[in-house]
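Below, all heavy atoms of this structure are taken into account, side chains as well, without hydrogens, waters or symmetry copies. We count residues from 1, following the sequence as given. Keep in mind the model is a prediction, meaning the values are calculated, not measured.
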Amino acid sequence: MRLVKRTYVFPPSILDEFERTVGAGERSAVLARLVQEWLEMRKREQLRRDIIAGCREMAEVYRDVEREYHSLEEEVQHAIEKEPASR
């Protein structure tokens, strides 16, 4: 895997605790994993928002389809209820 070095600025209190907690040989890997998890979380959040928006956009279509076929569903249900019980 190709690695790229970048420089970012953090508050000293965060860096002090991070460096006390994570060993020198592990810091880049920990930061890479944290950034990857954060990016994945953002993608999931965006997907969730997109799905909710899509459902809202389709709500009227779903209602129209239900209205169109509701009488047929009732007809089927009445026919099932009229059938004699099987032995």
* Could you walk me through whether Arg63 and Glu60 pass the side chain to side chain contact (heavy atoms under 4.5 Å, CB included) test, one step at a time? => CA-CA 5 Å; Arg63 279 192 289 274; Glu60 188 61 36; 3.0 Å; yes
* Asked: Does the pair Ile80 and Lys82 meet the rule for a side chain to side chain contact (heavy atoms under 4.5 Å, CB included), with working shown?
  -> CA-CA 5 Å; Ile80 290 171; Lys82 289 181 182 179; over 6 Å; no
* Start with the C-alpha gap between Val30 and Arg27, add the side-chain angles, then the distance that decides, and say whether side chain to side chain contact (heavy atoms under 4.5 Å, CB included) holds. => CA-CA 5 Å; Val30 169; Arg27 292 177 187 150; 5.8 Å; no
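In the hydrophobic clustering of this structure, Tyr8 groups with Leu15; members are Ile, Leu, Val, Met, Phe, Trp, Tyr whose side-chain heavy atoms approach within less than 4.5 Å, directly or through other members. Hydrophobic clustering, with ILVMFWY side chains joined whenever heavy atoms are under 4.5 angstrom apart, groups Leu72 together with Val65. Note on Met41 and Leu34: separate hydrophobic clusters, where clusters join Ile, Leu, Val, Met, Phe, Trp and Tyr whose side-chain heavy atoms are under 4.5 Å apart, directly or indirectly.
Surrounding CD of Glu17 are at most 12 heavy atoms belonging to other residues, nucleotides or ligands under 6.0 Å away. More than 12 heavy atoms of other residues, nucleotides or ligands sit less than 6.0 Å from atom CZ of Arg67. Residue-environment remark: CZ (Arg49) exceeds the threshold of 12 foreign heavy atoms within 6.0 Å.
Note that OH of Tyr69 and CD of Glu75 are 13.5 Å apart. Values are rounded to the nearest 0.5 Å. Interatomic distance, Arg44 CZ to Leu39 CG, rounded to the nearest 0.5 Å: 10.5 Å. For the atom pair Leu31 CG and Glu26 CD, the distance stands at 11.5 Å (nearest 0.5 Å). Note: Gln46 CD to Ile51 CD1 = 10.5 Å, rounded to the nearest 0.5 Å. For the atom pair OG (Ser28) and CZ (Arg6), the distance works out to 13.0 Å, reported to the nearest 0.5 Å.
Ionic pairing of Arg42 and Glu45 is not present here: no N-O contact between side-chain nitrogen and carboxylate oxygen is shorter than 4.0 angstrom.
Between Arg2 and Val4, the closest side-chain pair of non-hydrogen atoms falls below 4.5 Å.
In summary, the side chains of Glu73 and Gln77 do not present any donor paired with an acceptor at a separation below 3.5 Å, with no hydrogens or angles considered.
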